[in-house]
Structure formats: structure tokens, C-alpha cells
Amino acid sequence: MSAPQRLNCDFFARPVETVARELLGKNLHFGACSGRIVETEAYHESEPSCHAWQGKKTPRNRPMFAEPGTVYIYRIHQVFCLNLVCEAPGTGAAVLIRALEPLQGIAEMRQRRGEKVKDRDLANGPGKLCQALSLDLDQNGVSACLPSSRLYLSESLFSYSEAEIQITPRIGISKAQEIPWRFFVPPTSRAFP
DNA sequence: CCTGCGATTTGCT
DNA sequence: GCAAATCGCAGGC
């Protein structure tokens, strides 16, 4: 009986859309809080909606070209968004974590998100989950696949079946809207809908 | 439940 | 200067 195991760096060193799909059902941990990943999107330097489009490096997107398993956090409007870098070092590719189903530290999440916020609304958005877990630029550029990582992912006791997973174009972008790189589990297939 | 809109900060042209 | 990988809330159905 082995405890759920951390995802290692090899997990992230694969095509970004594969990693995005396989992250569904995995657990994300930071501090005392954790949640099950139920929505992701893939981004790759070969398409224009990606911050690393055409492989152009800027101060902001620098972590996207680092080792697989690196954390890339950026700010949009007033919130932060969490990404996990994929593929080979030097290739700009990352998975945006868009939603979690809260598992551990729910009271702490509610403290940060607001006392009146319902469980299902604690982390059902890329900015919301960063606020719930208190993720910000402090974690930008760190690794999420080392034994010592504060932010890390773990295997889950179950996985979602293909039938439970929806694949659609990505949300909130104006370019490359034809690419179906959003992967999510609808509320009806989750533990608490 | 779904759609629309404004807030407001940062990064890059 | 402008666009943005968003959110919350108002208002309609």
C-alpha cells in the first residue's frame, strides 16, 4: 500500500496537449491545501495565443523555456494564473491549470476567497485557484517536480474515463480559437456538482 | 442558468 | 498606448 506518488519531471517532458489531458484527476498541493485538477488548457510556442509564440523570450515568459515541471505564474488584470511548463527545455510550452475541486484545506481556501463563497466556487477558475492556494509571483520559476518542491502534483486513487472528459477550444483567447486544447471534467462527473 | 460589461495592472510595441 | 490565458455582479430567461 503505497502513498500517492509525486509526479516527476519526466511526466512533464512530453507533448503539452498530452500532459494537459493527463493532469485531469491529479492532485495539486501547496502548503496545507490541495485540490483535484478538473480543467486544463495547453499552450505551445507554435500557436499565436501562447505567451511564448514563435519562441520569443521576454522577461515575463522566461520560465516557459525552462525545464519541464517548472512553474510559470503570470498576472492578468488583478489575478494570477498558474502554469506547468512542458516538453524539452528551450521549447515554450505550458499547461494552464484552470480549475480545481478542493480537497484539503477548504477552510483556509475560504478564508482567502471569502467566507460566503460556496465550495464549488472556491477554485473553479485560474485566478480563483491561485487566490485559494495563495499562489503568486513568489512561486514563479520554481520547480514542481522535485522531492523538495513546496508546490507539487500527485497521483490520484482514481482517474477520469475518456467519456467523462470534454475537449473544446480554449477560453478567453482571441487567436488560434480553432485549436481544441481545453480539457475539462463537467460538474456532473465530479465529486460535488 | 446564461450573457454582458467594467475594473485595473502589467507587459510589450 | 493598447490588449489581455479574468472575475464578480447585474439583469434577463
Side-chain angles (χ1 to χ4, degrees), chain A residues 12 15-24 28 30 35 37-66 68-87 91-102 109-141 144 151 153 165-190 192-193:
Chain A
F12 300 97
V16 68
E17 66 272 28
T18 301
V19 178
R21 156 67 185 85
E22 292 192 15
L23 277 173
L24 295 178
L28 175 71
F30 185 65
I37 297 174
V38 292
E39 182 175 351
T40 61
E41 285 177 358
Y43 288 88
H44 189 272
E45 65 176 28
S46 61
E47 43 89 12
S49 68
C50 181
H51 287 175
W53 186 36
Q54 296 177 319
K56 283 189 174 179
K57 297 182 181 67
T58 67
R60 178 178 65 159
N61 71 18
R62 186 174 191 86
M64 289 194 75
F65 298 94
T70 297
V71 172
Y72 169 48
I73 296 180
Y74 66 88
R75 185 169 190 152
I76 176 74
H77 295 95
Q78 285 120 290
V79 304
F80 298 102
C81 293
L82 168 68
N83 300 257
L84 296 162
V85 175
C86 296
E87 306 200 3
T91 299
V95 174
L96 171 67
I97 308 299
R98 287 193 58 90
L100 299 178
E101 197 177 84
M109 294 188 198
R110 178 167 288 107
Q111 213 165 15
R112 299 193 190 101
R113 290 271 303 125
E115 293 299 334
K116 294 179 299 184
V117 175
K118 296 191 275 269
D119 280 4
R120 55 180 298 169
D121 294 326
L122 285 174
N124 63 341
K128 298 176 191 178
L129 74 91
C130 283
Q131 189 186 4
L133 301 194
S134 74
L135 291 171
D136 55 29
L137 264 24
D138 286 353
Q139 307 306 318
N140 189 33
L151 172 62
L153 294 104
I165 295 172
Q166 305 257 11
I167 304 178
T168 73
R170 295 165 293 181
I171 298 290
I173 58 171
S174 59
K175 298 165 190 165
Q177 291 169 329
E178 73 284 0
I179 304 177
W181 275 2
R182 173 179 180 234
F183 305 86
F184 76 106
V185 180
T188 49
S189 293
R190 298 183 196 168
F192 51 86

Can you name the atoms? Protein N/O to nucleotides 4-9 of chain B N/O, anything below 3.5 Å, with the distance.
unit_1	atom_1	unit_2	atom_2	d
B:dT8	O4'	A:Q78	OE1	3.4

Integer-rounded Å distance: B:dT13 P and A:Q54 CD: 11 Å
Please find the pair of heavy atoms, one from A:A99 and one from A:N124, that lie closest to each other, and give the distance. CB-CA, 4.0 Å
Kindly indicate, with the supporting measurements, whether the criterion side-chain contact (heavy atoms from CB on, under 4.5 Å) is fulfilled by A:Y72 and A:N61. CA-CA 8 Å; A:Y72 169 48; A:N61 71 18; 4.3 Å; yes
Please report the shortest heavy-atom distance between A:L84 and A:I97, naming the atom on each side. CD1-CD1, 4.0 Å
Footprint ends on DNA chain C, 5' to 3', for atoms under 4.0 angstrom from a heavy atom of chain A, come out as C:dA4 to C:dG8
Provide the closest heavy-atom pair for A:E45 versus A:C50 in the form atom of the first, atom of the second, distance. N-SG, 3.7 Å
Assess whether atom CZ of A:R112 is packed by more than 12 heavy atoms of other residues, nucleotides or ligands within 6.0 Å. yes
Compare every heavy atom of A:F12 with every heavy atom of A:V85, then report the nearest pair and how far apart it is. O-CB, 3.6 Å
So what does A:I173 hit on the nucleic acid, given a heavy-atom distance under 4.0 Å: a base, only sugar-phosphate, or nothing? sugar-phosphate
Side-chain contact, heavy-atom cut-off 4.5 Å: A:V71 with A:F30? no
I want to confirm an ordering. Mapping A:N124 and A:S174 to their closest nucleotides on DNA chain C, which one lands closer to the 5' end? A:S174
Whichever of A:K175 and A:R113 has the more 5' nearest nucleotide on DNA chain C, that residue is A:K175
Heavy atoms of A:C130 and A:L82 approach each other most closely as SG-N, 3.6 Å
Under 3.5 Å on both distances, the Watson-Crick or G-U partner of B:dT3: C:dA10
For atom CG of A:D136 and atom C1' of B:dT10, their distance in whole Å: 15 Å
For B:dT8, what is the paired nucleotide under Watson-Crick or G-U wobble rules, both distances under 3.5 Å? none
